[in-house]
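Here's the structure we're looking at; comments come further down.
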Amino acid sequence: MRIVFPDSSAKEYEAGTTGLEIAGDISQGLARNALIIRFNGDLLDLTKPLHDDGGIEILTFRDEEGKKALRHSCSHLMASAVQKLYPGTRLGIGPSIENGFYYDFNIPEFSGISAFERIAAEMKRQVKENIPFIRKEMSFKEAVALFCDKGEKYKLELLEELRDAGESISVYIHGDFVDLCRGPHVPSTGYMKHFELLSTAGAYWRGDEKNEMLTRIYGTVFDSSKNLREHLSMLDEAKKRDHRKLGSELGLFTIGGEGGPGLVYWLPAGTIVREELENHWKKAHVKSGYQLVSTPHIAPVELWKTSGHYDYYRDNMYFLDIDKGEYALKPMNCPGHIIIYKNSKRSYRELPMRLAELGMVYRYEKSGVLHGLMRVRGFTVDDGHIFCTEDQIVEEIQKVVNFALYFLKIFNFGYRIELSLMDPADPGHYAGKPEEWKKVELALAKALDDMGEDYRSVVGEAVFYGPKIDIKMKDALGRFWQGPTIQFDFNIPQRFDLTYVGNDGQEHRVFMVHRALYGSVERFIGNLIEHYAGNLPGWLAPNQVVILPIMESQLERAEEVESILTNLGIRCTLDGRNETVGYRIREAETSKVPFMLVIGERESASGRVSLRVHTEGDRGSMKLDEAIETIMAGCRRPELP
RNA sequence: GCUGGCGUAGCUCAACUGGUAGAGCAGCUGAUUUGUAAUCAGCAGGUUAGGGGUUCAAGUCCCUUCGCCAGCUCCA
């Protein structure tokens, strides 16, 4: 048979040769690293004998599919260990996921995380034994008989769904363990030397809260102990950067408890961070052609009926009775901006009209989903609504994407753009006419194409009221977060009958775009804290400089320096406490103050200071002006767009 | 919301199978006058999340409410 390689070179092999043998023919190293193959587009086991001509790709841990196969194989390995140690364990599902795998079980008398050691020991034993994974194909009936025999009720339920698929059913066997599985798998258990069991949690069977709760065990596996160690230390680092921990250590905010779950109380230091972010946001928006507005926190329920929120978002809203009317706390800012738009008859000459507000919204979120600043019940959306004509769409989208990227650049976030489009199979689900959708979808794509931005189109991901562009931001640990979002809206202009008078004297339906760049100010600050590990850039640091006189005799000079810095708009504090310099420096370092000015006898007499930079250390003695210059540069606010 | 875990001083954590709470840090007071990540001493701090129950006796066992954490589900 003729085998073609990815570089389009080709070679003849005898029929029945396996992927592993072909890999070995290329190099020993490749054979060692190979996990599975892609053959004529199908992912197959390395050990499967090949019979036809075709294109082969040998996949290793560096390939996404190879990684998945190893992790999925490891979930089988773990399941076999669990089933051996806990007889009577019924298997749920055990897929690979980003960064690892899990398996859901119904385990009788499971002892939680303390069982990990035993499970891991059994897994290691099997790794050492290097048991081969054997694929076996069988008819639907045979498979039912097999799993029925084993009492695997969940597997039988999964099988039911394959009943009419008509394909033959495949199972994978290693040792005594059998699992319903499409594959592919790595050749044997010996491939999973570098695994780690991570955590356990409850999970509903098939993700449905009406079903029974199974025990889920999470783990991960890598191709080398180095990579495993790196991943584990990344998890460790993420834990250290947890914004909830840093937020309370740095005195930025407090959430929940007596103050109510999911409600954020900004402490003075955290308020400075917020104010700086918001002020910069406002300036940047004014400069970019937005008009700032402000709307109330509550509005009559009729407004929410008109907007449609009452129908589809009621369960997440808070209601209150005032006089004889019913009101709702705003879960979104758009209806408020609509009222402002509708305040007078609008001319095409006023468009595009860009309204922006840092608007606090309240949404009922289920108690279990609340998480620090990332998921709360009251938060500030940096909302903007653009009203424009059809001709202006492309340009407005480009402007707003650029504007969003400007904000990510300020903080050195990476990014990835997603364009969410309608599902053409289900046009009834969406507001607006399909031909309008097409037009706008093309306009969004054109806007991105013209800018030369890479993006991924996701069909069927659009919300019902319009297509959208989501920008996911990538932080210092390589994690992606929900970032700026730009959403087209066919629904609201229609519901509120939003129009403008064109140059033809006729009324036209206005086009509307919602956009948020920080998303939620609260969540964004959470992201910033984790991204910077609490070492916020100078302009955001609540306290920018600590002034440290060494002895009481330098207190007067220290006060002079303090007032000089304060007059320059630098946030500084004087720490003249009766403590050693070492002690006060340590405290300034742990509270992550970017700069320290130490003033001793030598400096005091000569108008100098000794500058120390957070995490870097002592910069030595210098003229006050020189230190101020360094401090001002380190605390400079970002350039406006 | 669901499942599980947890809740002891401002923070981090102790208190064996039930025998009426203890330390470090922070705080306060004093001594010390300090040269780049913790000077010393003293003092104070708790209805053990709230409520109810079992017991001679509850931080510890049971019930319940609240909150927090992990995961699931959800996320216009």
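Letters A, B, ... mirror the listed sequences (proteins, then strands); counts begin at 1. Owing to the predicted nature of the structure, the values given are computational and were not obtained by experimental measurement. Heavy-atom basis, side chains included; hydrogens, waters and symmetry copies ignored.
- Picking from B:A37, B:C68, B:G35 the nucleotide with the shortest atom distance to the side chain of A:P261 gives B:C68.
- Listed by first and then second residue, the salt bridge (Lys or Arg N to Asp or Glu O under 4.0 Å) pairs involving residues 246-272 of chain A are A:K245-A:E249 (not counting sequence neighbours).
- One can find a donor-acceptor pair under 3.5 Å joining the base of B:C74 and the side-chain atoms of A:R375.
- Between A:F105 and A:Y103, the distance from one ring center to the other falls under 6.0 angstrom.
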Where do N or O atoms of nucleotides 24-27 of chain B meet protein N or O atoms at under 3.5 Å, pair by pair?
from: B:A26; atom 1: OP1; to: A:Y583; atom 2: OH; distance (Å): 2.8

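- Residue pairs meeting the salt bridge (Lys or Arg N to Asp or Glu O under 4.0 Å) criterion with at least one member in residues 487-496 of chain A: none, sequence neighbours excluded.
- For A:D575 and B:A37, the CG to C1' distance is 14 Å, given to the nearest whole Å.
- The stretch residues 599-608 of chain A participates, sequence neighbours left out, in no salt bridge (Lys or Arg N to Asp or Glu O under 4.0 Å) pair at all.
- Side-chain atoms of A:R216 and base atoms of B:A70 include no donor and acceptor less than 3.5 Å apart.
- Across all strands shown, B:G5 is found opposite B:C68 as a Watson-Crick or G-U wobble partner, with both distances under 3.5 Å.
- When the side-chain nitrogen and oxygen atoms of A:T580 are compared with OP1 and OP2 of B:U39, one or more of them lie within a distance under 4.0 Å.
- If you check every strand for non-hydrogen atoms under 4.0 Å, A:E258 touches nothing.
- Within the structure, salt bridge (Lys or Arg N to Asp or Glu O under 4.0 Å) pairs that include any residue of residues 516-530 of chain A comprise A:R274-A:E522, A:R479-A:E530 (at least two apart or interchain).
- One atom, CD1 of A:I585, and another, P of B:U34, lie 16 Å apart when rounded to the nearest Å.
- Within residues 550-558 of chain A, the residues that have a heavy atom under 4.0 Å from RNA chain B are, in order of number, A:I550, A:M551, A:E552.
- For A:V581, the listed nucleotide lying nearest its side chain is B:G35; candidates were B:G35, B:C75, B:G1.
- When distances run from any side-chain atom of A:H371 to the nucleotides B:A70, B:C72, B:G67, the shortest one goes to B:A70.
- Taking every heavy atom of both residues into account, A:A356 and A:W281 meet most closely at CB-CH2, 3.7 Å.
- With respect to the salt-bridge test (charged N to carboxylate O, under 4.0 angstrom), the residues A:R314 and A:E326 do not qualify.
- Under the 30°/60° scheme for interplanar angles, the aromatic rings of A:F387 and A:H385 are found to be tilted.
- Closest approach to the A:K366 side chain among B:A70, B:A38, B:U73 is made by B:U73 (side chain taken as heavy atoms from C-beta onward).
- Ranking B:G35, B:C72, B:A37 by closeness to the A:E601 side chain, first place goes to B:G35.
- Checking the phosphate oxygens (OP1, OP2) of B:C68, no side-chain nitrogen or oxygen of A:R244 falls inside 4.0 Å.
- Contact check on A:E365 versus A:R377 returns no salt bridge, with no Lys/Arg side-chain nitrogen under 4.0 Å from an Asp/Glu carboxylate oxygen.
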